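What follows is one structure encoded as structure tokens, with my remarks underneath.
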Amino acid sequence: MGGVSRTEILLWIVALFVLEVNHLKWIWWEYWDCRRCSTKHKDCGCGATARWMMFL
């Protein structure tokens, strides 16, 4: 039975980190309120919410 190389472990760590960052961005987008207009970020129309940030 073969072991797991250090490169594979590093790739999994990086992949899980990216997944978690995207998950936190989704939570911010769906559930947090805009500071300026007090609506959810996904529904914000005042321009304070940077919509391009969700597409990164």
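Quantities reported herein were computed from a predicted structural model and do not represent experimental measurements. In what follows, residues are counted from 1 in the order of the sequence shown.
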Test side-chain contact (heavy atoms from CB on, under 4.5 Å) applied to I9 - qualifying residues, sequence neighbours left out: V4, I13

E30/K42 salt bridge by N-O under 4.0 Å criterion: yes

Sequence-distant partners of E8, side-chain hydrogen bond (donor to acceptor under 3.5 Å, both in side chains), two or more places apart: none

Between OG on residue S5 and CG on residue L11, distance to nearest 0.5 Å: 8.0 Å

Euclidean distance, W12 CH2 relative to L19 CG, rounded to 0.5 Å: 10.0 Å

ILVMFWY network linking W29 to I27, side-chain heavy atoms under 4.5 angstrom: yes

T39 OG1 to W32 CH2 distance, which is reported to the nearest 0.5 Å: 15.0 Å

Sequence-distant partners of Y31, ring-ring contact (aromatic ring centres under 6.0 Å, His included), two or more places apart: W26

